[in-house]
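Protein chains get the first letters and strands the later ones, always in sequence-line order, with residue 1 at the start of each. Here the structure is a predicted model, which means the values were calculated and not measured.
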Amino acid sequence: MQTIYNTLSRLKEPLKPIVPGRVSMYVCGPTVYDYFHIGNARTFTVFDMVYRWLTASGYRVDYARNVTDIDDKIIERANANGEPIGALTERMTAAMHEDFDRLKLLRPTFEPRATQHVAGMLDIIRMLEDKGIAYRAPNGDVYYAVRKFAGYGKLSRKNPDDLIAGERVAVDTNKRDPLDFALWKAAKPQEPHWPSLFGNGRPGWHIECSAMCRAVLGETLDIHGGGWDLQFPHHENEIAQSEGALGHAFVNLWMHAAFLNFDSEKMSKSLGNFFTIREVLNKLNPVRGGEEVRFFLLRGHYRSEINYTYDTLMDAANALMGIYRVLKDVPPAQGIVLDWAHPLAARFKAAMDDDFDTPAAFAVLFELRDEVRRSGDAHLSALLKALGGMIGLLQADPAAFVSGAEASINVQALVDERNAAKKAKDFARADAIRKDLDAMGIVLEDKPGGVTEWRKK
RNA sequence: GGCGGGUUAGCAAAGUGGCUAUGCAGCGGAUUGCAAAUCCGUCUACGUCGGUUCGAUUCCGGCACCCGCCUCCA
């Protein structure tokens, strides 16, 4: 049985879908104003893994991941670039898809965009106003009265009184309480806006997710996820909005992915210590890079922070290479039905069912790698590939992955020349060629039977 | 200040009240013209001080250090 750590209860709980056999999952997606970094990628890779594993486990998963395409940062960036907002968000959404594809992320079932759900947001805001939870402020904004929602703070375990006492809550005379947050922002000159019974304006940040969850997945979700930093205030506010307006439970299981750090500090745009996925991938081999990053990101448990360095990434890449080598040497049998009774398959499943313990699952893959190597068994090799496939790994062509490139005539000519030199016992010449190739990043492997294989480092 | 998470061998990273996690690197050996790859073997663990227990890295408490949220943030 699948268990999942629920941020709400701080306990591992069994997954009990509202509709048996089906799982609804919403993950807060990116704000598309810039390329995103490997820390952002971690969260989406984690939930892609969850999506794949639940699907492999037999659930029909309705997976929604939104695109936030209206927001202060987008407006700011578009103005700085001197381009229309729509052009910026289109460009960045396309870039996002490119990056996600390279990391082998599946497209979610639904990818709603905030600007397409403004009516749904206004609907919820109106319900909140009718219940006296939302109010119109003198400046034309509509705010959520946090004190009217009894459960406020239950997710992040923050006490509203403590928050008031803190220094970080900004004072705003338009708000009745400093904790109140904007549901609707009155239109300002040169900003996009929509008509509404609250006047022209645009939505606050948190309301979009409440509206899109409801529109796409329904009023109560099995799973809602996001990065750890979204717990407060974003997810807390989503709960307040949805439960405040609709009057029933919003989400059964809250999942939060831990940070990816750099120099043991959270990687973030505001700290400036980030690497975009593009930068990282451009330093890696084009054939292998995407899967290497994915493997690296899933090597740590999703609730543990991981530290990004080139060395830890290379460590993961070497480990992945070891598995692909075995898949190349022992081609997986075709058309095999996965045998869950196999002890290693059972252990893999047990690890994944236990709150998605990918590090433990990987340990099983390594043991299986050794078994395949030892036995040369194509069925076991197929099992290895199939298990990896359940979390989006090991599906590349092994020969291409190991060589790191499509066959190159240039390299092959040098390899042939070296083999001729070897036959003539001209080892000096043979070594010189190997050294040249090494300088080009090509490593040779002499195999039994006079066959020489090569691969990119 | 409030709340929360963490500290496992050279590095990375799971897990467990008593039974070799695992990966990468290192070292020794086999193999190889030399390498690479592979195989065999092998060395480093559970922050600190107490408590509970027959027994604690694992449970409880104190301490130290690190990190996060409380403001946009994956």
Side-chain angles (χ1 to χ4, degrees), chain A residues 7 10 27-31 33 36-47 65 71-73 76 153 156-170 179 181 205 225-234 236 256-261 263-271 274 295-296 299-301 303-307 309 311-323 325-326 328-329 347 351 354 357-367 369-370 373-374 402 422 425-428 430-431 434-435 438 442-448 452-455 457:
Chain A
T7 308
R10 311 283 160 114
V27 173
C28 291
T31 301
Y33 72 101
F36 51 110
H37 60 67
I38 185 167
N40 303 22
R42 182 190 188 184
T43 295
F44 302 119
T45 302
V46 161
F47 286 103
R65 188 190 60 215
D71 158 274
D72 291 351
K73 282 196 167 128
E76 208 174 286
S156 56
R157 307 226 167 162
K158 292 189 188 304
N159 181 332
D161 294 325
D162 295 338
L163 294 172
I164 297 283
E167 297 167 358
R168 292 178 176 235
V169 180
L179 283 181
F181 58 91
W205 173 36
W228 195 257
D229 47 0
L230 259 35
Q231 233 175 86
F232 189 91
H234 185 58
E236 201 70 70
H256 291 96
F259 295 134
L260 177 142
N261 296 329
D263 281 345
S264 297
E265 280 190 326
K266 175 186 175 183
M267 184 179 286
S268 74
K269 296 226 163 121
S270 45
L271 286 172
F274 65 91
F295 191 82
F296 165 73
R299 252 181 122 204
H301 185 89
R303 286 191 288 113
S304 298
E305 293 180 0
I306 53 178
N307 206 29
T309 66
D311 285 350
T312 54
L313 179 57
M314 284 303 101
D315 187 80
N318 288 339
L320 181 61
M321 177 63 101
I323 297 179
R325 281 209 178 100
V326 119
K328 179 169 81 69
D329 293 343
R347 280 176 51 205
D354 181 14
D357 191 347
T358 50
F362 280 19
V364 175
L365 294 183
F366 290 120
E367 290 183 39
R369 170 201 63 182
D370 291 343
R373 173 72 69 191
R374 207 166 9 244
V402 171
K422 273 173 63 184
K425 305 269 186 217
D426 182 0
F427 294 123
D431 286 349
R434 189 175 61 205
K435 203 177 166 193
D438 185 74
I442 307 284
V443 181
L444 300 183
E445 295 183 22
D446 289 338
K447 297 289 172 123
T452 298
E453 296 181 353
W454 60 270
R455 63 188 158 84
K457 277 188 201 166

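When the C1' atom is compared between B:rA21 and B:rA37, the two are found 26 Å apart, to the nearest whole Å. Comparing B:rG26 with B:rC11, their C1' atoms are spaced 11 Å from each other, to the whole Å.
Side chains of A:Arg373 and A:Asp329 form a contact here, defined as non-hydrogen atoms less than 4.5 Å apart. Under the 4.5 Å side-chain criterion, counting only non-hydrogen atoms from C-beta, A:Glu236 is not in contact with A:Lys158.
If you take NE2 on A:His256 and SG on A:Cys28, they are separated by 8.0 Å, rounding to the nearest 0.5 Å. To the nearest 0.5 Å, the span separating CG on A:Leu271 from NZ on A:Lys266 amounts to 8.0 Å. Between the CE atom in A:Met321 and the CE atom in A:Met314 there is a gap of 10.5 Å [rounded to 0.5 Å]. For the atom pair CG (A:Leu179) and CG (A:Asp161), the distance works out to 9.0 Å, reported to the nearest 0.5 Å. Remark: A:Arg455 CZ to A:Glu445 CD distance equals 4.5 Å, nearest 0.5 Å. Note: A:Arg65 CZ to A:Phe47 CZ = 11.5 Å, rounded to the nearest 0.5 Å.
Ranked by how close their nearest RNA chain B nucleotide is to the 5' end, A:Met267 and A:Val364 are led by A:Val364. Across the interface with RNA chain B, nearest-nucleotide mapping of A:Gly39 and A:Phe232 shows A:Phe232 to be the residue nearer the 5′ end.
Among the protein residues, A:Lys73 comes within range of the nucleic acid bases, having at least one heavy atom under 4.0 Å from a base atom. Within 4.0 Å (heavy atoms only), A:Ala257 reaches no atom of the nucleic acid at all. Among the atoms of the strands shown, base atoms are found under 4.0 Å from some heavy atom of A:Asp431. No engagement by A:Met314 is indicated, since no non-hydrogen atom pair under 4.0 Å with the nucleic acid exists. Among the heavy atoms of the strands, none lies under 4.0 Å from A:Leu365. Within 4.0 Å of A:Leu444, counting heavy atoms only, lies at least one base atom of the nucleic acid. When heavy atoms are screened at a 4.0 angstrom cut-off, A:Lys422 is found touching base atoms of the nucleic acid. Backbone-only engagement by A:Gly226 is indicated by non-hydrogen atom pairs under 4.0 Å involving sugar-phosphate atoms exclusively.
Between the side chain of A:Asp446 and the base of B:rC34 there is at least one donor-acceptor pair of N/O atoms closer than 3.5 Å.
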Inset, instruction - If a protein heavy atom is under 4.0 Å from the base, mark B; if only from the sugar-phosphate, S; if neither, -; do that for nucleotides 3-19 of chain B going 5' to 3'. - result: SS-------SSSS----
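One atom, CZ of A:Phe259, and another, P of B:rC66, lie 19 Å apart when rounded to the nearest Å. Rounded to whole angstrom, the span from the CG atom of A:Asn261 across to the C1' atom of B:rC66 amounts to 11 Å. Here the P atom of nucleotide B:rG23 and the CD1 atom of A:Ile323 are 10 Å apart, to the nearest Å. Per the geometry, CD belonging to A:Glu453 stands 16 Å off C1' belonging to B:rU32, to the nearest Å. Atom NZ of A:Lys266 is separated from atom P of B:rA74 by 8 Å (rounded to the nearest Å). If you measure from atom CG of A:Asn159 to atom P of B:rG2, you get 13 Å, rounded to the nearest angstrom. Following rounding to the nearest Å, A:Phe362 (CZ) and B:rC24 (C1') show an atom-to-atom distance of 14 Å. When rounded to the nearest whole Å, the span between CD of A:Glu367 and C1' of B:rG23 equals 12 Å.
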Below 3.5 Å between N/O atoms, which protein atoms pair up with nucleotides 37-47 of chain B? Just atom names and distances, please.
| from | atom 1 | to | atom 2 | distance (Å) |
| --- | --- | --- | --- | --- |
| B:rC40 | OP1 | A:Arg374 | NH1 | 3.4 |

Legend entry - Strand RNA chain B as a dot-bracket string - pairs counted if Watson-Crick or G-U with both distances under 3.5 Å, | where the partner lies in another strand: (((((((..(((.....[...))).(((((.......)))))....(((((..]....))))))))))))....
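Stacking of the aromatic ring of A:Phe427 onto the base of B:rG33 is found: the ring centres lie under 5.5 Å apart and the planes are inclined by under 30°.
Side-chain N or O atoms of A:Thr312 include one that pairs as donor or acceptor with a backbone N or O of A:Asn307 at under 3.5 Å.
Minimum interatomic distance between A:Arg42 and A:His301 (heavy atoms only, all atoms of both residues): NH2-O, 2.9 Å.
Under the 4.0 Å criterion applied to side-chain N and carboxylate O atoms, A:Asp438 and A:Lys435 are not assigned as salt-bridge partners.
Ring pair A:Phe366/A:Phe295 is perpendicular by interplanar angle, where above 60° counts as perpendicular and below 30° as parallel.
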